[in-house]
Amino acid sequence: MLDHLGSLKRTHDCGALRPENDGNRVTLLGWVAKRRDLGALIFIDVRDRYGVTQVLFNPEIAEDVHNKAKTLRSEFVIAVSGIVRKRDPKTVNAKLATGEIEIYADQLHILNTAATPPFPIEDNIENVGEELRLKYRFLDLRRPKLQNNFILRHKIALTVRNYLDQQNFLELETPMLTKSTPEGARDFLVPSRVQKGRFYALPQSPQIFKQLFMVSGFERYVQITRCFRDEDLRADRQPEFTQIDMEMSFVQREDVFAILEGMMTRIFQLVGEDIQGPFPQLSYAEAMNRYGSDKPDTRFGVMIEDFSEAARTCGFKVFSDTVSHNGVVKGLCAPGAAGKSRKDIETLETWLKKDFGISGLAWLKWGDEGFSGPILKFLGEELVSQLFAQAGGKQGDLLLLVAGPNERTCQALGALRLQLGKDLQLIDESKFAILWVVDFPLLELDAEAGRYVALHHPFTSPLDEDLEKLESNPGEVRAKAYDLVLNGFEIGGGSIRIHRRDVQSAMFKALGLSPEEAQEKFGFLLDALSFGAPPHGGIALGLDRITMILSGEKSLREVIAFPKTTSATCMMTESPSEVSVHQLLDLGIQVLRQG
RNA sequence: GGGGGCGUAGUUGAGUUGGUCACAAUGCCGGCCUGUCACGCCGGAGGUCGCGGGUUCAAGUCCCGUCGCUCCCGCCA
C-alpha cells in the first residue's frame with residue numbers, strides 16, 4: 001500500500017548534509033538508488049537531483065519501519081525522516097559528498113513503486129545500447145551525468161541572457177510557422193488547413209526576421225530558439241536544434257567579435273576555463289590549405305604541407321604529371337607513426353579513396369634503418385629527406401602524400417589529419433581551442449545546378465572592395481562572413497549583412513534569381529531594405545554543440561533532452577507516425593504510397 | 001542515395017573448421033547475514049540467437065534478403 005505525500009516537506013536535499021548537521025531531524029525525498037540488505041541492517045542510498053545520501057534502517061530504532069524498508073527496491077520513490085548521525089571514521093565513504101554522515105531512519109513513506117529499470121540508473125553505462133536509452137529516455141535522463149549536462153546547458157543559456165542583457169540586447173520572438181525559401185537546407189513543411197494546398201515552413205533560422213528587427217530599430221536582438229533542417233543526421237547534427245541567434249545594428253565585424261569573445265569568456269568560466277579574447281583568426285583559404293577544413297581542430301599540429309614544387313621535377317611520374325596538370329602534391333607528417341603497418345596504411349587509403357575520391361595514398365617511413373616505402377626508389381634519399389624536413393618530421397615519423405586537384409586533396413588530407421589525431425592520440429581532450437575563420441568566399445559554383453550559390457546565405461555582404469566583382473567575377477568575391485570554431489566544430493556562423501536594396505538585388509541576380517522570383521520569394525525583405533535599413537550584422541551559435549563540447553560529450557544526443565535517432569525518429573514516442581484519414585482530409589492531403 | 005560496425009537471457013558480453021543441454025557476469029526472485037557503500041554467501045527463474053528465406057543429415061555459426069541502432073561520405077544557404 002502506497003503512502004500519500006500529504007504535508008511531508010523535504011528539509012534537505014540529498015547532497016546537502018554534513019557532519020555539522022549531526023543530531024538534526026531531517027526529511028529526504030528521492031529515489032532508491034541502491035539497497036544493501038544485511039539482514040538486521042538495511043542501507044538505502046537515496047538519490048535526488050542534488051546528490052546521494054545513505055539512510056540506515058535498524059530494527060533497534062524502529063522495527064516496523066525496518067520491516068517496511070525490506071520491501072524497497074530500485075527506483076522506488078520515498079520520503080524518509082530520521083536523525084543525522086556522523087559516521088564512525090572507519091565507515092566514512094570518501095566517494096560521496098555526504099559520505100561522512102548517514103540518516104538513522106525512524107519514518108518511511110513509500111510514495112511510489114517502480115518496475116525494474118531496463119538499465120541501471122547510474123553513470124558509466126556507456127555500453128548500454130542507444131536504442132534502449134532512447135526508448136526509456138525518461139530513465140536515461142535520471143542519470144547524474146545527463147542531469148549535469150542539462151544543468152550546464154541551463155547555465156550557459158542563463159549566462160548568455162545575463163551578459164547580453166547587460167549589453168543592451170533585447171530578447172524578441174519570431175514565428176515558427178513561416179515561409180519556405182528556395183536556398184539552403186530542405187525545409188520541414190506544415191500544411192495549412194485554412195489555405196489548402198499551401199504550406200508553412202519551420203524556420204531553418206530566424207535570419208530574415210532578425211534583420212527586419214534591425215530595420216525596425218531594435219538595434220540589438222537575441223533569441224535562444226529552435227531551428228529545423230530536414231537533412232540527414234550526424235553525431236553533431238539533429239533535425240531540430242537550438243541557436244543563440246543575435247543581430248546588431250551599426251556594427252563592423254570586429255564589434256561582433258568583441259561581444260562574442262566577452263560572451264564566450266563567461267561561458268568558459270562555467271567549466272572553470274579562462275579563455276580570453278581576442279581569439280585567433282584564420283582565413284578560409286589558409287584553413288583549407290593548412291588544415292583541409294573550414295573548421296580546423298587546432299588542439300594539435302600536423303599541418304598539411306605543399307610538396308608540389310619538389311614533386312614537379314621528381315622521378316615519380318604520378319607526382320610530376322599531377323603537378324604539370326595543375327594539380328598539387330600535398331601531405332602531412334604523422335608523428336611517431338613509422339610503426340604503422342602496410343595494412344594500416346592501406347585501410348586509410350581505401351577509406352580516403354572511397355569517401356574523398358583520391359587516387360592513392362603514398363607513404364614514406366623514417367624508421368630505425370632510415371627511409372623506406374614503395375616510392376623511395378623514385379624520389380631518392382635526398383629528396384625524401386628534404387620532404388621530411390619541410391614537414392618538420394623526424395625519425396620515427398610517417399609521411400603521407402596525396403596527389404590530385406587541390407581542393408579534393410586538401411579535403412582528404414584534412415579528414416586524414418583528424419583520423420590520425422584520434423589514432424595517435426595527438427589530441428589533448430582536456431584542452432579547448434577556439435578561433436575565428438574569416439574571409440569566406442561569398443559564392444561557390446554549384447556544379448549540379450550550373451550556377452552560383454551562397455556559401456553562407458544570400459543576405460551576406462560582400463567585402464566593400466570586392467563589390468564590383470559581383471557581376472564580373474562572382475567566384476572571386478569575398479564575404480563579410482565568419483565562423484566561430486571550437487575543437488574542430490563549427491559552433492557559430494554569421495556575417496555583416498547587406499543593408500542596401502540595390503546590393504541585395506545584385507546578390508539575388510548573381511544567384512540566378514530573376515527580379516520576379518526575387519520579388520516573390522524575398523519581396524518583403526527588399527521592401528524593408530528600401531525604408532532606411534541600418535548597417536547590421538550578427539551571428540548564430542549552436543547551443544547544443546557548445547554544451548556538447550563543454551560537457552565532454554561526443555554526441556548531441558547527450559545534451560538534447562529528447563533527441564532523434566540517425567533515421568530521424570523518436571524511439572520513445574515512435575514519431576513520426578501515420579495520421580488518420582480525417583486529419584489528412586482536413587488538410588486536403590493525399591499520401592502517395594510506393595509499390 | 002552509398003560505405004563501415006553492431007544485433008545471442010532484463011542488461012552487457014563470450015560462443016573454433018557448421019555437430020551432446022547456447023555460456024559468463026550483472027540484474028531479477030527466494031533464503032541467510034548488525035557496518036555495508038561494486039556488501040557477502042546459498043539457491044532459483046530467465047532464450048523465437050533481430051526478422052524472413054536458402055544451403056545442409058545438421059545453422060547462433062555459411063549464403064541471400066530485410067529491419068533497427070550507430071559512425072562516415074553525399075546532403076547540411
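Residue numbers begin at 1 in each chain, while the letters A, B, ... track the order of the sequences. Quick caveat: nothing in here was measured; it's all calculated off a predicted structure.
U20(B) and G60(B) have their P atoms separated by 10 Å, with the value rounded to a whole Å. A gap of 15 Å separates the C1' atoms of A24(B) and G47(B), to the nearest Å. With both ends at atom P, the span from G27(B) to G19(B) equals 32 Å, rounded to whole Å. With both ends at atom P, the span from G4(B) to C64(B) equals 12 Å, rounded to whole Å. Distance noted for atom C1' between G46(B) and C37(B): 28 Å (whole Å). The separation of G2(B) from G10(B), taken at their C1' atoms, amounts to 36 Å, rounded to a whole angstrom. Here, A9(B) and A25(B) have their C1' atoms 12 Å apart, quoted to the whole Å. Rounded to whole Å, the separation between the P atoms of U61(B) and U16(B) comes to 11 Å.
When heavy atoms are screened at a 4.0 angstrom cut-off, Leu96(A) is found touching no nucleic acid atom at all. Within the nucleic acid shown, Thr347(A) has no heavy atom closer than 4.0 Å to any nucleic acid atom.
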- request: Begin with the C-alpha distance, continue with both residues' side-chain angles, and end with the deciding distance and a verdict on side chain to side chain contact (heavy atoms under 4.5 Å, CB included) for Tyr284(A) and Val438(A).
  value: CA-CA 6 Å; Tyr284(A) 172 84; Val438(A) 299; over 6 Å; no

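Side chain of Val128(A), nearest nucleotide from G35(B), C37(B), U11(B): U11(B). Comparing atom distances between the Thr91(A) side chain and each of C72(B), G74(B), C37(B) picks out C37(B) as nearest. The side chain of Glu102(A) lies closest to G35(B) when the candidates are C71(B), G35(B), C37(B). Candidate nucleotides G74(B), C69(B), G10(B) were compared by shortest atom distance to the side chain of Ser567(A), and C69(B) ranks first. Counting only heavy atoms from C-beta on, Met571(A) has its side chain closest to G68(B) among G1(B), G35(B), G68(B). Between G35(B), C37(B), C72(B), one nucleotide has an atom nearer to the side chain of Arg36(A) than all others, and that is C37(B). Considering only side-chain atoms of Lys95(A), the nucleotide from C76(B), A38(B), C72(B) that sits closest is A38(B). Taking every side-chain heavy atom of Glu130(A) into account, C69(B) is the closest of C69(B), G10(B), C72(B). When the nucleotides C37(B), C72(B), G1(B) are ranked by their closest atom to the side chain of Trp351(A), C72(B) comes out on top.
To the nearest angstrom, C1' of C73(B) lies 4 Å from CG of Asp355(A). Distance Asp236(A) CG to C71(B) P: 10 Å, rounded to the nearest Å. What separates CD1 of Ile101(A) from C1' of C37(B) is a distance of 13 Å, to the nearest Å. One atom, CG of Asp37(A), and another, P of C29(B), lie 12 Å apart when rounded to the nearest Å. At whole-Å resolution of the value, OH in Tyr104(A) and C1' in U36(B) are 12 Å apart. Between the C1' atom of G4(B) and the NZ atom of Lys354(A) lies a distance of 7 Å, rounded to the nearest Å. The interatomic distance linking Leu132(A) (CG) with A9(B) (P) rounds to 11 Å, in whole Å. Protein atom CZ of Phe119(A) is 24 Å distant from nucleotide atom P of A25(B), rounded to whole Å.
Relative orientation of the Phe213(A) and Tyr221(A) rings is tilted, given thresholds of 30° and 60° on the angle between their planes.
For the pair Val92(A) and Arg35(A), both in contact range of RNA chain B, the more 5′-proximal nearest nucleotide belongs to Arg35(A). Both Arg87(A) and Ala454(A) lie close to RNA chain B; mapped to their nearest nucleotides by heavy-atom distance, the more 5′-ward contact belongs to Arg87(A).
A donor-acceptor contact under 3.5 Å links the side chain of Gln54(A) to the base of U36(B). If you check distances only, the side chain of Arg237(A) does reach the base of C75(B) with a donor-acceptor pair under 3.5 Å. Put simply, the side chain of Glu231(A) and the base of G74(B) share no donor and acceptor less than 3.5 Å apart. Checked by distance alone, Arg234(A) brings a side-chain donor or acceptor within 3.5 Å of a matching partner on the base of G74(B).
As the counterpart of C76(B), no nucleotide is assigned, since no Watson-Crick or G-U wobble pattern has both distances under 3.5 Å. Of the nucleotides present, none pairs with U61(B) by Watson-Crick or G-U wobble criteria with both distances under 3.5 Å. In this structure G68(B) sits in a base pair with C6(B), meeting the Watson-Crick or G-U test at under 3.5 Å. Taking a pair to require two hydrogen-bonding distances under 3.5 Å in either a Watson-Crick or a G-U wobble arrangement, C32(B) pairs with G40(B). With a 3.5 Å ceiling on both atom-pair distances, the Watson-Crick or G-U wobble partner of A25(B) is U11(B).
Donor-acceptor pairing under 3.5 Å is recorded for the side chains of Gln207(A) and Gln211(A). Judged by distance alone, the side chains of Asn93(A) and Gln54(A) never bring a donor and an acceptor atom under 3.5 Å apart.
Of the possible donor and acceptor atoms, none in the side chain of Asp245(A) sits under 3.5 Å from a partner among the backbone N and O of Gln223(A). Of the possible donor and acceptor atoms, none in the side chain of Ser495(A) sits under 3.5 Å from a partner among the backbone N and O of Arg497(A). Between the side chain of Arg87(A) and the backbone N or O of Gly99(A) there is at least one donor-acceptor pair closer than 3.5 Å. Under the 3.5 Å distance criterion, the side-chain polar atoms of Asp187(A) are left unmatched by any main-chain donor or acceptor of Leu189(A). Proximity of a side-chain donor or acceptor of Arg237(A) to a complementary backbone N or O of Asp232(A) within less than 3.5 Å is detected.
OP1 or OP2 of C69(B) lies within a sub-4.0 Å distance of a side-chain N or O belonging to Thr565(A). OP1 or OP2 of U36(B) has not a single side-chain nitrogen or oxygen of Lys34(A) nearer than 4.0 Å. For C28(B), neither phosphate oxygen OP1 nor OP2 lies less than 4.0 angstrom from any side-chain nitrogen or oxygen of Thr116(A). Contact annotation: Arg557(A) side-chain N/O to U70(B) OP1/OP2 distance is under 4.0 Å.
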